[in-house]
Amino acid sequence: MDKIILDHVSYIYSAGTPFEQKALDDICLGIRGGCITGIIGHTGSGKSTMMQMLNGLAKPTFGKVLLDGYDINSTMEDVFEEWRILPEYASLSDRKAKKAIGAEIKKRKAGLCFRVGLVMQYPEYQLFEETVFRDIAFGPRNMGLSEEEIRERVLEAAVFTDIGAELLDKSPFDLSGGQKRRVALAGVIAMRPEVLVLDEPAAGLDPLGRSFIFDGIRDYQRKTGSTVLIVSHSMEDMARYCDDVIVMSGARVLRKGSREEVFAHVEELARTGLDIPQITRVMASLRERGVPVPKNIYTVEEAVSALKAVFAEEGTK
Amino acid sequence: MKGISFGQYYPADSVIHRLDPRIKIIMTILYIICTFLCKSVTSFAVLVLSVIALIMFSRIPVRVVLRSVRPLLIIIAFTFVINIFWSTGEQLLVEFWIFRIYAEGVWNAVFMFLRIFALVTGTGVLLTYTTTPMDLTDALESLLSPLKKLHVPVHVFAMMMSITLRFIPTLTEETEKIMNAQKARGADFTSGSLIRRAKSLIPILIPLFVSAINRALELANAMECRCYHGGDGRTRLNVLKCHTKDMVAAILMIVFGVGLVFLNFVPFIYVMK
Ligand SMILES: Nc1ncnc2c1ncn2[C@@H]1O[C@H](COP(=O)(O)OP(=O)(O)O)[C@@H](O)[C@H]1O
Ligand SMILES: [Mg+2]
């Protein structure tokens, strides 16, 4: 089963006022566990809204968000009938069962943000502690872990995000933009979420800063086998790091599938105004000129090996 | 445009929305005076009719206007009760225990209720619902500009007010964003002892202050880069102009007030002393 399922999810901002705005319109989606899914779309297509729905920060106006099959916004009344017959509640009286189920739901709600770690857009504004170390430790501390465990997680997160030991004792306000971004990312990774959601993690960073961030995310995904969702504007990054891609446009999902499937509809993407990777365009025009390179090339590395193959072929002729 | 939703402003296309904001401020003051002029059943009836007419002209849903009365319900109820029980008069209606209720008391209570009601809804419809905060500051600056002769820095005050108004929605949005970011890291603002709850605000307040200070510095820089140096000799993008319809509206309001005074002399049912 898919790790995350959005079941007919709609979201309306300022419902019932003249400023009403439909940010998501009847979205149905499944997101595979254990891989990196990229979400791409124009500004205002509802990406951020969708991401905030995954850890319960925003509740869908209509529809359900399922994590491992459990509706994360369910109330006691929703599940009572279903859970009443489970062995741990079956023997209790109605009143006690209600109380126990209510407590369980509350516990799940509180734990949700640790299971689904959300890094918001431009997350550097969330830094507030005296030192980088303490700031990264904020999440784990809220989880109620021991000091030892907190320390271990902070150091681990710092390694993933390439934050050197010398930075840990500095004030987060003295860092560069890219470093702040990495500290904010580490603050979420330190909670070891099974689902890591990143809203435009590399927006506004230079190419080096981008690859620091994305490499860190990929390392985390590979080592922990967690599910990762990345919102991005850049097709290049999507092509390089993502297994699946979701294309959003105007509050709806335009296309969803593996990287290859989605990028095969290059013209459609171009029509919504999204850029296809530069290298894919270069390869397409090479093919038009008769160079026999394959169609599905999205990264420079793939292009290099494809061209090498072409040259080798010509050499043998 | 999320920013405009700040305050009570309710966007619609109506005669009142389009009036000159300066005239609207003057009319509001006149209207407040009018509500205090009323003394008789007939004048209060006309006052209520005027509230209904204003709401209809402004094209604002009644439900929205009534919402502004809700926070005042306690005060209204309180004055109502005080008036009923503490007024004395000639016509005794009921008497029990230590209380005596007179007809005059009941009338006074009803009048007081209508007065507060008209005051709140009238000023709302004439001013706050139909005028953007920016227009309001511009109008205030224009109306107070004679004070410049007395060296009162009217322009500076108006600029401070419009910057404040401009940034309230921005800061609200920012607070929400920061709260969300900290909630995503498991911060809990709602449970625990008072001290714990106060402490849990630190992760919100520090980023908020940092960004507000940065924003202020940036804004000051941006204004200086555009050679801002106060109000002298500055022209405006939107110049306030008083049209015939504005004058007509103001005159109507004066006529309305005079009419109310005359109605006070109509000895119908009850006239307040
Ligand atoms: N707090 C908000 N209040 C009202 N409307 C909002 C708010 N946040 C976003 N929107 C609107 O919802 C739509 C989707 O926004 P968002 O999810 O931020 O898109 P994206 O992240 O794809 O740029 C936009 O049209 C935006 O104007
Ligand atoms: Mg966004």
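Worth knowing before you read on, the calculation uses all heavy atoms, side chains too, and leaves out hydrogens, waters and symmetry mates. Residue numbering restarts at 1 for every chain, and letters A, B, ... go by the order of the sequence lines.
With a threshold of 4.5 angstrom between heavy atoms, V210(B) approaches chain A through side-chain atoms but not through N, CA, C or O. With a threshold of 4.5 angstrom between heavy atoms, Y125(A) approaches chain B through its backbone and through its side chain. At a 4.5 Å heavy-atom cutoff, the contact between Q52(A) and chain B is made by side-chain atoms alone. Of the atoms belonging to Y13(A), not a single heavy atom falls under 4.5 Å from chain B.
A 6.0 Å sphere centred on CZ of F189(B) holds more than 12 heavy atoms belonging to other residues, nucleotides or ligands. Atom CE of M56(B) sits in a sparse spot, with 12 or fewer heavy atoms from other residues, nucleotides or ligands closer than 6.0 Å. For CD1 of I74(B), the number of neighbouring non-hydrogen atoms (other residues, nucleotides, ligands) closer than 6.0 Å is 12 at most. Heavy-atom contacts from other residues, nucleotides or ligands closer than 6.0 Å to CZ of R196(B) number 12 or fewer. More than 12 heavy atoms of other residues, nucleotides or ligands sit less than 6.0 Å from atom CG of L49(B). Heavy atoms of other residues, nucleotides or ligands lying less than 6.0 angstrom from CD of E148(A) number 12 at most. Shown here is L194(B), whose CG atom has no more than 12 heavy atoms of other residues, nucleotides or ligands within 6.0 Å. A 6.0 Å sphere centred on CZ of F209(B) holds no more than 12 heavy atoms belonging to other residues, nucleotides or ligands.
Taking both residues in full, the closest heavy atoms of C113(A) and G186(B) are given as SG-CA, 3.6 Å, listed atom of the first, atom of the second, then distance. In terms of heavy-atom proximity, M191(A) sits nearest to R185(B) at SD-CA, 3.9 Å. Closest approach of M120(A) to K177(B), counting heavy atoms only: CE-O, 3.6 Å.
Taken from CG in L118(A) to NZ in K183(B), the straight-line distance is 12.0 Å, to the nearest 0.5 Å.
No side-chain heavy atom of N142(A) sits under 4.5 Å from any side-chain heavy atom of Q182(B).
Interface remark: of the candidates D135(A), V188(A), V197(A), D135(A) forms the most heavy-atom pairs closer than 4.5 Å to chain B. Among A184(B), P207(B), S211(B), P203(B), the residue making the largest number of heavy-atom pairs under 4.5 Å with chain A is P203(B).
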